[in-house]
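Data block below; observations after.
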Amino acid sequence: MAKEDGITLMLSGLGSEECFAGYHRFYNTHDINKDCISGLLRMYYEDLLRDYVASDAHDIELRFPYLTYEVYQYALSIPPALKIKDGAIDKYCIRSVARLLGLPDQTCFRKKSGAQYGSRFDSAIEKLSKRNNHRFKSEYLHKIINPSKILYCMLLDGTKESLFALHCIKLQKQKTFIAAIGMYKEFELADGTFINNIDIVNLQSEIASLNILKITKLKDIDTTNEFEQSLLMAKNLEVDSIGYSGISNTDERDCIQKICDKHSLKIHIPLWSNGNWKQMRQLLQMDFRLVLKKIPAELLDDQLFCFNKTITLQEGYKIRDIVEASNDYNEYDIDFHLLGGGPSGLPIINLRSTIVQLKSGHLYNH
């Protein structure tokens, strides 16, 4: 439409969300400006490359005011409290400037809506999908686009998030996993000795039917070249993308992102900012099997907190309520092992549990 109107130059608002914390994920981050930087660093492959290709195809020049050096440098110096106001209003500083310029509040403080919804593009795709007898929009789009298969390597770290992220990515057609990289964690016990979760990492690879190219220590990914060597092994298998199960650890994500970028590997993070309780609910609703992995030792007396019993959805809600009613714990003081099950029918594994006490005071199902 712009080309038909003779337009040769367009301004894009891309970058405002990353500079001024406009996404919902910023509500849950521990360091808003650090997460803003992370978002800016990922923009080339996730947004800019796409927009450049589209504009070049129509001989239109794109400019990005929010991505000029002076703007984003200043934006990253703004205190987080002026970006997220009272934990409820995103891009607050930008909205406030709009109000000062005389725009009505209904415009300045309108809730964010994706372009696909405001333009009704999503609604149009949904109608076309139903008209062509497709249950999901993704099925219809894959039929008309017919993309080539994308080869994936999954990072397995022994957490429930690893298998859940794998499941989420697999739901998208044309995504094929051909290998895994193991990343084990160490835990310090109350007596000062250490244990690791390599056995769980290996079990996860068996459940997922993926061969592990290499197992590295998660804590050392930025100080040794073992993880980078693992990525090169995946690259030699013509892998395009890496599946990663991160939720909120910005430092870990940025480190993995940096090494992937170095070798032109895309990284797919489907669970980012997906809190522990939300994940628990989603997993149980999809019939995955969960058992307790970690709890504060003081909670063991409660009959709900049994390490060898599969958790039901109702019990999961009760566990959440007990933790949230306490001033001493938060949602990350409780964790679960994922034993299999789910919509794709992952094999059910049986853990030979040994309960140990960590230095932090938590009991751990090892």
Side-chain angles (χ1 to χ4, degrees), residues 11-48 63-115 117-118 161 222 244-258 267 269-281 320-321 323-335 360:
L11 298 179
S12 169
L14 203 65
S16 64
E17 316 292 346
E18 288 76 9
C19 286
F20 301 102
Y23 292 120
H24 189 269
R25 69 168 186 262
F26 289 105
Y27 292 147
N28 302 315
T29 188
H30 301 299
D31 189 331
I32 289 177
N33 277 334
K34 191 170 186 179
D35 213 20
C36 286
I37 295 172
S38 298
L40 287 166
L41 291 174
R42 297 197 308 275
M43 284 192 67
Y44 178 75
Y45 286 112
E46 294 183 0
D47 300 293
L48 286 169
R63 292 185 184 175
F64 305 92
Y66 288 109
L67 295 179
T68 57
Y69 179 81
E70 294 80 6
V71 172
Y72 75 71
Q73 281 292 320
Y74 180 74
L76 294 175
S77 71
I78 295 174
L82 294 178
K83 294 185 176 182
I84 303 288
K85 179 70 170 177
D86 300 327
I89 306 176
D90 56 55
K91 291 195 294 189
Y92 180 72
C93 48
I94 291 290
R95 297 177 187 274
S96 299
V97 169
R99 174 190 268 172
L100 289 172
L101 291 173
L103 292 175
D105 279 4
Q106 66 184 36
T107 299
C108 299
F109 294 95
R110 185 178 61 186
K111 294 188 72 172
K112 177 180 171 61
S113 176
Y117 304 116
E161 288 81 19
D222 59 340
Y244 168 54
S245 59
I247 299 176
S248 60
N249 189 330
T250 307
D251 290 336
E252 180 182 292
R253 181 197 65 187
D254 289 351
C255 181
I256 292 173
Q257 177 85 54
K258 183 178 179 180
I267 184 167
I269 316 174
L271 305 180
W272 190 253
S273 294
N274 200 357
N276 207 23
W277 296 137
K278 182 178 179 181
Q279 273 192 76
M280 178 196 72
R281 184 187 73 247
R320 178 200 62 189
D321 292 343
V323 173
E324 289 188 344
S326 168
N327 293 324
D328 299 321
Y329 314 118
N330 62 53
E331 62 180 310
Y332 296 105
D333 283 313
I334 309 289
D335 206 356
S360 62

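Quick note: numbers below take in every heavy atom, side chains included, and nothing from hydrogens, waters or symmetry partners.
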Give the intermediate values and the outcome of side chain to side chain contact (heavy atoms under 4.5 Å, CB included) for residues L67 and L40. CA-CA 9 Å; L67 295 179; L40 287 166; 3.7 Å; yes

Could you tell me which non-hydrogen atom of [X] sits nearest to which non-hydrogen atom of [Y], and how far apart they are?
{"X": "L76", "Y": "C36", "result": "CD2-CB, 3.8 Å"}
{"X": "P65", "Y": "S12", "result": "CD-O, 3.3 Å"}
{"X": "D333", "Y": "D328", "result": "OD2-O, 4.2 Å"}

Rounded to the nearest 0.5 Å, what's the gap from [atom1] on [X] to [atom2] on [Y]? Could you check?
{"X": "C93", "Y": "L82", "atom1": "SG", "atom2": "CG", "answer": "6.5 Å"}
{"X": "F109", "Y": "S96", "atom1": "CZ", "atom2": "OG", "answer": "5.0 Å"}
{"X": "D86", "Y": "Y92", "atom1": "CG", "atom2": "OH", "answer": "8.0 Å"}
{"X": "N276", "Y": "N330", "atom1": "CG", "atom2": "CG", "answer": "9.0 Å"}
{"X": "K278", "Y": "R320", "atom1": "NZ", "atom2": "CZ", "answer": "13.5 Å"}
{"X": "L14", "Y": "M43", "atom1": "CG", "atom2": "CE", "answer": "3.5 Å"}

Do we see a donor-acceptor contact under 3.5 Å between the side chains of S38 and R253?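 Yes, because at least one side-chain N or O of S38 sits under 3.5 Å from a partner of the opposite role on R253.
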
pair [X]-[Y]: side-chain heavy atoms closer than 4.5 Å:
{"X": "T68", "Y": "Q73", "value": "no"}
{"X": "K83", "Y": "N33", "value": "yes"}
{"X": "I32", "Y": "I84", "value": "yes"}
{"X": "W277", "Y": "V323", "value": "yes"}

Run I94 and S16 through side chain to side chain contact (heavy atoms under 4.5 Å, CB included) and show every step you take. CA-CA 9 Å; I94 291 290; S16 64; over 6 Å; no

With side chain to side chain contact (heavy atoms under 4.5 Å, CB included) as the test, would you mind laying out the steps for F26 and E17 before giving the verdict? CA-CA 10 Å; F26 289 105; E17 316 292 346; 5.6 Å; no

Do Y329 and E324 pass the side chain to side chain contact (heavy atoms under 4.5 Å, CB included) test, and can you show the C-alpha distance, the side-chain angles, and the key distance before you say yes or no? CA-CA 7 Å; Y329 314 118; E324 289 188 344; over 6 Å; no

Charged N-O contact under 4.0 Å between D90 and K111: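 No, D90 and K111 are not salt-bridged.
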
Any ion pair linking R99 and D105 (charged N to carboxylate O, less than 4.0 Å)?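 Salt bridge present between D105 and R99.
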
Has Y74 got more than 12 heavy atoms of other residues, nucleotides or ligands less than 6.0 Å from its OH? no

Fit a plane to each ring of Y66 and F20, take the angle between them on a 0 to 90° scale, and name the class: parallel (under 30°), tilted (30 to 60°) or perpendicular (over 60°). perpendicular

Can you label the angle between the Y69 ring and the Y72 ring as parallel, tilted or perpendicular, going by 30° and 60°?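 It falls in the perpendicular class, over 60°.
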
Determine whether a donor-acceptor pair (N or O, by modelled atom type, separation under 3.5 Å) exists between the side chain of R95 and the backbone of R110. yes

Checking K34 now: which residues fulfil salt bridge (Lys or Arg N to Asp or Glu O under 4.0 Å) with it, not counting sequence neighbours? D251

